[in-house]
Amino acid sequence: MSNLSGVTVRPDCRHFRGDLPCRPNKEHGYVCQDCPVYDPVQKRVLLIKLGAIGDVIRTTPLLRRLRQEYPGCYITWLTHTPAILPQAEVDEILKFDFASAMQLMARRFDIAINLDKEKEACALLLKVDTEHRFGYTLREYDGVAWPHNEQAHHKFLTGVFDQLSLQNQKPYVQEIFELCGFDFRGEEYVFDNHENKGYNWATIPQGKPRIGLNTGCGDRWTTRLWSDEKWVTLIAQLQEAGYAPVLLGGTAEAERNQRLHAATGAAYPGTFALEQFINLMHQMDGIVTQVTMAMHISIALAKPTILMNNIFNPYEFDLYGRGQLVQPDRPCVCFYRGTCKLGISCMEELPAEKVLAAVQASVPF
């Protein structure tokens, strides 16, 4: 508590802004001296997870554990993609830029966590004033990302040696929990399905289990792609089995999805802004996807997820007991490669029947 010219001010309250009236003052006229909603912050936690979007999404289980371990804590999250975070569950969301970095280096936190190896993220953990650091920092002499403490060794080493990455049997979420000094207890994602936005989905099928088919995989790891012929076969099998396939994707998948719609009659609602796309996925009863942003969204929405994987370590993905991971019949020899060493991606040897069986096991009716 401070006294400024005879006025009581409580800057330790989570509602206090400093640059503007707080919401309780604005909406109810409360002042600090006798405020009935005064809520002192017990710990201040900085979480640095810049991107990509999918990695930001699958970091959200940490929010549950941080709230449990540090009741009354105030969480500041620095990221490239503020819109993907659950706005009501993070006290302060900052977009990474020069202004945000400057103010964070002028502040003090009880705990600071950096989960990224980008040099700018590592530099910030090195410079921020905090009592406890977790994750990756920067070697000052050569500018190399480096684990700050022993808890970060495992995740660091699997990221710099393919041999260790291939041997890893820990899911990503478990790895980041251990990096922060926690044991992983199956904490679920924290995510907003945007069902309060009033989106109207009259164009999607009714009366049958809807299976979202996310047909793209980005332009970096194209070895994950499935051909149109495979998708057409799966769609036909799903329709015959009584499911309603719904084609999903962004602008990069629009042309393909239009072709698949024309060939099969599968529903294709179109492309949408991120919040609306998330809500569209929320309307599905199950999702078939490769390792993409849509996979992370599907897991975050607690949907049965049929994950088609070839080039990544299958242990990396935790489906929380919902859905199945399916892989080609031929072992993949292109670990974390964007082009196939054999010329034709092994993903083409993943039979549609295998994916259908996983859908039927995960979304029975």
Same apolar cluster: F177 and L46, side chain cutoff 4.5 Å: no
Can you list the steps and then say if Q174 with E178 is a side chain to side chain donor-acceptor pair (under 3.5 Å)? CA-CA 6 Å; Q174 180 181 344; E178 292 177 355; 2.9 Å; yes
Show which side-chain atoms of residues 264-271 pair as donor or acceptor with protein atoms under 3.5 Å away, not counting sequence neighbours.
from : atom 1 : to   : atom 2 : distance (Å)
T264 : OG1    : L260 : O      : 2.7
T264 : OG1    : A266 : N      : 3.1

Could you give the distance from CG (L274) to CD1 (I297), rounded to the nearest 0.5 Å? 5.5 Å
Going by the side chain to side chain donor-acceptor pair (under 3.5 Å) test, which pairs reach into residues 19-30, not counting sequence neighbours? none
Between K303 and M284, is there a donor-acceptor pair closer than 3.5 Å when you use the side chain of the first and the backbone of the second? yes
More than 12 foreign heavy atoms under 6.0 Å from OH of Y199: is that the case here? yes
Can you name the residues that form a ring pair (Phe, Tyr, Trp, His ring centres under 6.0 Å) with Y189, not counting sequence neighbours? Y320
With sequence neighbours excluded, residues passing side chain to side chain donor-acceptor pair (under 3.5 Å) with N193: H282
I'd like to check the ring pair (Phe, Tyr, Trp, His ring centres under 6.0 Å) partners of F277; sequence neighbours left out, ordered by chain and number. none
Could you state the interatomic distance from CD (E240) to CG (L238), rounded to the nearest 0.5 Å? 10.5 Å
Give every donor-acceptor pair under 3.5 Å between a side-chain atom in residues 98-113 and any protein atom, sequence neighbours left out.
from : atom 1 : to   : atom 2 : distance (Å)
S100 : OG     : K95  : O      : 2.8
S100 : OG     : D97  : OD1    : 3.1
Q103 : OE1    : R107 : NH1    : 2.8
R107 : NH1    : E92  : OE1    : 3.4
R107 : NH1    : E92  : OE2    : 3.3
R107 : NH2    : E92  : OE1    : 3.0
D110 : OD2    : R44  : N      : 2.7

Less than 4.5 Å apart, any side-chain heavy atom of M281 and any of I287? yes
The criterion is side chain to side chain donor-acceptor pair (under 3.5 Å); which residues satisfy it with E187, sequence neighbours excluded? R65
Backbone N/O of R14 and side chain of D91: donor-acceptor pair under 3.5 Å: no
Salt bridge K119-D142, side-chain N to carboxylate O under 4.0 Å: no
Going from OG1 on T215 to CG on L234, what distance comes out if it is rounded to the nearest 0.5 angstrom? 11.5 Å
Let me confirm one number: the CZ-CD distance from R64 to E188, rounded to the nearest 0.5 Å. 6.5 Å
ring-ring contact (aromatic ring centres under 6.0 Å, His included) pairs, two or more places apart, involving residues 39-81: H80-F96
Please report the closest heavy-atom contact between L115 and C180, naming both atoms and the distance. CD2-SG, 4.4 Å
Do L50 and I84 share a hydrophobic cluster (ILVMFWY, side-chain heavy atoms under 4.5 Å, transitive)? no
Measure the spacing between NZ of K155 and CD of Q151 and express it to the nearest 0.5 Å. 15.5 Å
State which residues pass ring pair (Phe, Tyr, Trp, His ring centres under 6.0 Å) with F272; sequence neighbours excluded, sorted by chain then number. W201
Same cluster or not: Y136 versus L138, using hydrophobic residues (I, L, V, M, F, W, Y) connected whenever any side-chain heavy atoms lie under 4.5 Å apart? no
Would you say V291 and L307 make side-chain contact, with heavy atoms under 4.5 Å? yes
Same cluster or not: are F191 and I53 linked, directly or through other Ile, Leu, Val, Met, Phe, Trp or Tyr residues, by side-chain heavy atoms under 4.5 angstrom apart? yes
Identify, with sequence neighbours excluded, every residue that meets ring pair (Phe, Tyr, Trp, His ring centres under 6.0 Å) alongside F156. W146
Could you check whether N313 and Y172, counting side-chain N and O atoms only, form a donor-acceptor pair closer than 3.5 Å? no
Got a second to check how far D318's CG is from K170's NZ, nearest 0.5 Å? 14.0 Å
With sequence neighbours left out, the residues meeting side chain to side chain donor-acceptor pair (under 3.5 Å) with T59 are none
Determine all donor-acceptor pairs shorter than 3.5 Å in which one atom belongs to a side chain in residues 351-365; sequence neighbours excluded.
from : atom 1 : to   : atom 2 : distance (Å)
E353 : OE2    : Q237 : NE2    : 2.9
K354 : NZ     : Q327 : O      : 2.7
K354 : NZ     : D329 : OD1    : 3.1
S362 : OG     : A358 : O      : 2.8

